[in-house]
Amino acid sequence: MDNKSIAQMLAETADLLEISGGDPFRIRSYRRAAEAVENSTEPLAIMAGDTKRLLAIPGIGKGMAANIQEMEARGSLPLRDELLKTYRPSMLELLKLPGMGPKTVALLWEALQVCDVEQLQTAIDEGRLEALPRFGKKLVEKLKRGIADYRKNSGRFRLDQAESAAERLELYLKEFPGIDRITPAGSLRRGRETVGDLDILATGPACAEERVAAAVEYVAAYPPIVDLIAKGQNKVSFHLRGGLQVDVRLLPEASYGAALQYFTGSKMHNVSLRQRALKRGYTLNEYALARLDTGAVAAGATEEEIYSALGMDWIPPELRENQGELEAAAAHRLPTLIEQSDLRGDVHMHTQATDGRNTIEEMAEAALARGYAYIAITDHSKNLAMTNGLDDARAVEHMRHIREVDQRMEGRIRVLAGIEADILGDGEIDLSDDVLARLDVVIASVHSLFQQSEEEMSARLLRALENPHVKILGHPTGRLLLRREPYNFDLGAVLKRAAERRVAVEHNAYPDRLDLCDIHLRQAKEIGVKIVISTDSHHTADLDNMRYGVRQLRRAGLSREDVLNTLPVQDFLDALRRA
DNA sequence: GCCGTTTTCGGCCCGACTGTTTTCAGTCG
């Protein structure tokens with residue numbers, strides 16, 4: 001079983017235990033174990049035989065190790081099977097409705113034998129819910145709306161979409177006199193590839209306790225709101241068109257840091273942080289860090305002073321997932337994360353020669369405007385016929401063009417000549433060695449491997465790595481290589497061989513395909529593979545996507561040294577030649 | 001079920017909001 005399936009099974013067991021009214025602390029340990037498994041860079045299938053290694057994972061004890069071994073051996077978890085005799089799997093879906101928690105699910109089951117969304121809808125229509133304790137008109141209304149939303153869209157929102165919604169709201173909030181600082185918190189600030197809802201924090205004189213009511217009214221009047229969910233003393237929650245939920249919190253300046261820390265999360269990071277605070281004689285909430293004995297406030301205005309009062313360095317939001325960052329911060333050993341400004345070149349882009357929209361010059365000017373010192377033009381090779389891919393002769397001709405443009409730029413920006421070549425069925429590259437040898441940047445990509453089995457893929461990737469001209473292993477889908485989904489091929493072996501051959505592995509910065517690569521980026525770092533980050537731009541505007549990819553690298557804990565295109569152009573080329 | 005710079009037992013993070021109550025349980029983040 002792959003890690004994701006194991007994690008899901010553990011999480012479901014936690015949900016079922018909660019519905020059954022089980023011990024809350026036992027439930028929490030199942031949740032913790034699920035997180036730990038999901039975040040493990042190593043397939044548990046390999047570790048399962050080694051109890052000691054399982055026990056070394058925080059959150060995994062004797063019982064959980066046995067559970068994991070059981071799942072590996074039989075593909076099932078006895079406690080979960082037991083619970084499913086009493087409860088229905090569809091109840092796990094019911095839990096996703098807003099306002100619906102384990103207690104309510106249990107009540108619906110015991111009183112009405114309702115166990116899924118369909119039956120709940122029927123029970124509502126027949127008016128059977130009102131007979132139950134705690135079920136008034138409003139709660140029933142809320143469930144009705146919840147069911148409609150659930151059917152319409154059940155899912156998270158892409159980071160780039162959430163970001164632009166946040167930016168529009170920010171403009172609106174800034175209009176209100178006395179609101180002068182606005183920060184998105186939550187998973188958006190942590191740079192998660194998808195965002196469940198938007199947490200926006202705001203502060204300024206208008207957010208002081210005695211004045212905040214007017215600002216709350218202003219927020220609630222935000223025109224794009226389609227559905228006001230809640231309006232409290234200093235918080236407004238609503239849905240935007242498209243279903244994105246937004247929580248806006250208006251906070252006094254003295255506790256802004258505490259609130260930012262609190263609402264940035266992640267939940268597990270906060271739980272651990274508060275535990276550490278307790279051990280040191282403090283209590284931490286969204287208003288302040290305070291002494292337990294006297295109640296005296298120790299910190300609150302900034303995040304830095306809170307972490308510092310607890311003996312830690314400030315932790316970049318991207319790392320706040322409770323995966324060892326607290327220990328690293330206490331030991332002053334946090335990595336210095338890469339910044340977008342560290343990048344000196346974008347080395348994967350297409351032009352009109354194949355399926356790009358712009359000319360070489362236009363791409364170069366656009367990159368120059370974004371502060372890059374160099375780019376590589378890497379159009380497709382002939383095997384991608386549908387893109388009008390280049391054969392040997394056209395590749396040489398195109399290279400000549402690129403060199404001319406490079407000359408014309410007169411050193412303002414270096415324009416390197418490259419290719420995004422295709423890996424053929426036998427692992428060969430679809431251009432001659434002669435041509436490949438004359439190019440500065442050869443990316444070998446996996447287009448033709450889409451429909452292949454995953455075992456086949458890894459074999460081909462490994463063969464392609466043996467080609468001396470391949471400098472970068474590309475993954476233009478963002479799904480093939482560095483992904484978190486269950487995969488059968490041995491990615492570790494490909495990364496290890498890439499490290500040995502000194503071939504860099506590419507990380508593409510697509511906003512719509514940021515599909516969960518952080519775990520494998522971490523694995524690449526552990527193995528020592530160099531990363532090249534690029535946008536695979538087909539249009540000058542695509543160059544702006546770099547920021548999304550950088551967030552991914554940061555979440556994986558990567559520093560400038562891990563990424564080749566932070567180097568000056570000559571060092572970058574030398575590093576590639578070492579392959 | 002996990003875990004230990006007070007512990008191998010006895011703890012385990014914290015507060016707001018909602019709806020239904022008339023003092024609180026449940027949900028949420």
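Residue numbers start from 1 in every chain, and the chains themselves are labelled A, B, ... in the order their sequence lines are given, proteins ahead of strands. These values consider heavy atoms only, across backbone and side chains, with no hydrogens, waters or symmetry-generated copies.
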The residue, A:Tyr262 or A:Asn270, whose nearest nucleotide of DNA chain B is more 5′ is A:Asn270

Of A:Ala65 and A:Asn285, the one whose nearest nucleotide on DNA chain B sits closer to the 5' end is A:Ala65

If you check the [X] side chain, which of [options] turns out closest?
{"X": "A:Met64", "options": "B:dG15, B:dG29, B:dG1", "answer": "B:dG1"}
{"X": "A:Leu139", "options": "B:dG26, B:dG29, B:dG19", "answer": "B:dG19"}
{"X": "A:Lys103", "options": "B:dC14, B:dT27, B:dC17", "answer": "B:dT27"}
{"X": "A:Ser29", "options": "B:dC12, B:dC2, B:dG15", "answer": "B:dC2"}
{"X": "A:Phe25", "options": "B:dG26, B:dC17, B:dG1", "answer": "B:dG1"}

Can [X] and [Y] be counted as an ion pair, charged N to O under 4.0 angstrom?
{"X": "A:Arg333", "Y": "A:Glu327", "result": "no"}
{"X": "A:Lys144", "Y": "A:Glu141", "result": "yes"}
{"X": "A:Arg522", "Y": "A:Glu321", "result": "no"}
{"X": "A:Glu318", "Y": "A:Arg551", "result": "yes"}
{"X": "A:Arg547", "Y": "A:Glu163", "result": "yes"}

For [N] and [M], measure between their [atom1] atoms and round to the nearest Å.
{"N": "B:dT18", "M": "B:dT23", "atom1": "C1'", "value": "15 Å"}
{"N": "B:dC9", "M": "B:dC14", "atom1": "P", "value": "26 Å"}
{"N": "B:dC3", "M": "B:dT8", "atom1": "C1'", "value": "9 Å"}
{"N": "B:dT20", "M": "B:dG26", "atom1": "C1'", "value": "11 Å"}
{"N": "B:dG1", "M": "B:dT6", "atom1": "C1'", "value": "23 Å"}
{"N": "B:dA16", "M": "B:dT21", "atom1": "P", "value": "24 Å"}

NA contact type, [X], heavy-atom cut-off 4.0 Å: base, sugar-phosphate, or nothing?
{"X": "A:Pro24", "value": "nothing"}
{"X": "A:Ile27", "value": "nothing"}
{"X": "A:Arg28", "value": "base"}
{"X": "A:Leu284", "value": "sugar-phosphate"}
{"X": "A:Leu97", "value": "sugar-phosphate"}
{"X": "A:Pro133", "value": "nothing"}
{"X": "A:Thr283", "value": "sugar-phosphate"}
{"X": "A:Lys142", "value": "nothing"}
{"X": "A:Thr104", "value": "sugar-phosphate"}

In whole angstroms, the gap separating P of B:dG15 from CG of A:Leu251 amounts to 15 Å

A:Lys279 atom NZ is separated from B:dC12 atom P, nearest whole Å, by 12 Å

Suppose we define a pair by two distances each less than 3.5 Å, Watson-Crick or G-U wobble; what does B:dT8 pair with here?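 Checking every strand shown, B:dT8 finds no partner, since no pair has both distances under 3.5 Å.
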
For B:dG29, take OP1 and OP2 only and decide whether either is under 4.0 Å from a side-chain N or O of A:Lys267.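 Indeed not, no polar side-chain atom of A:Lys267 lies that close.
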
Fill in: Distance test, side-chain N/O of A:Tyr30 to OP1/OP2 of B:dC2, below 4.0 Å
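So the side-chain polar atoms of A:Tyr30 never come under 4.0 Å of the phosphate oxygens OP1 or OP2 of B:dC2.
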
Using the rule given for side chain to side chain contact (heavy atoms under 4.5 Å, CB included), can you reason through A:Val105 versus A:Tyr87, listing the C-alpha separation, both sets of side-chain angles and the distance that settles it, and then say yes or no? CA-CA 10 Å; A:Val105 171; A:Tyr87 303 99; over 6 Å; no

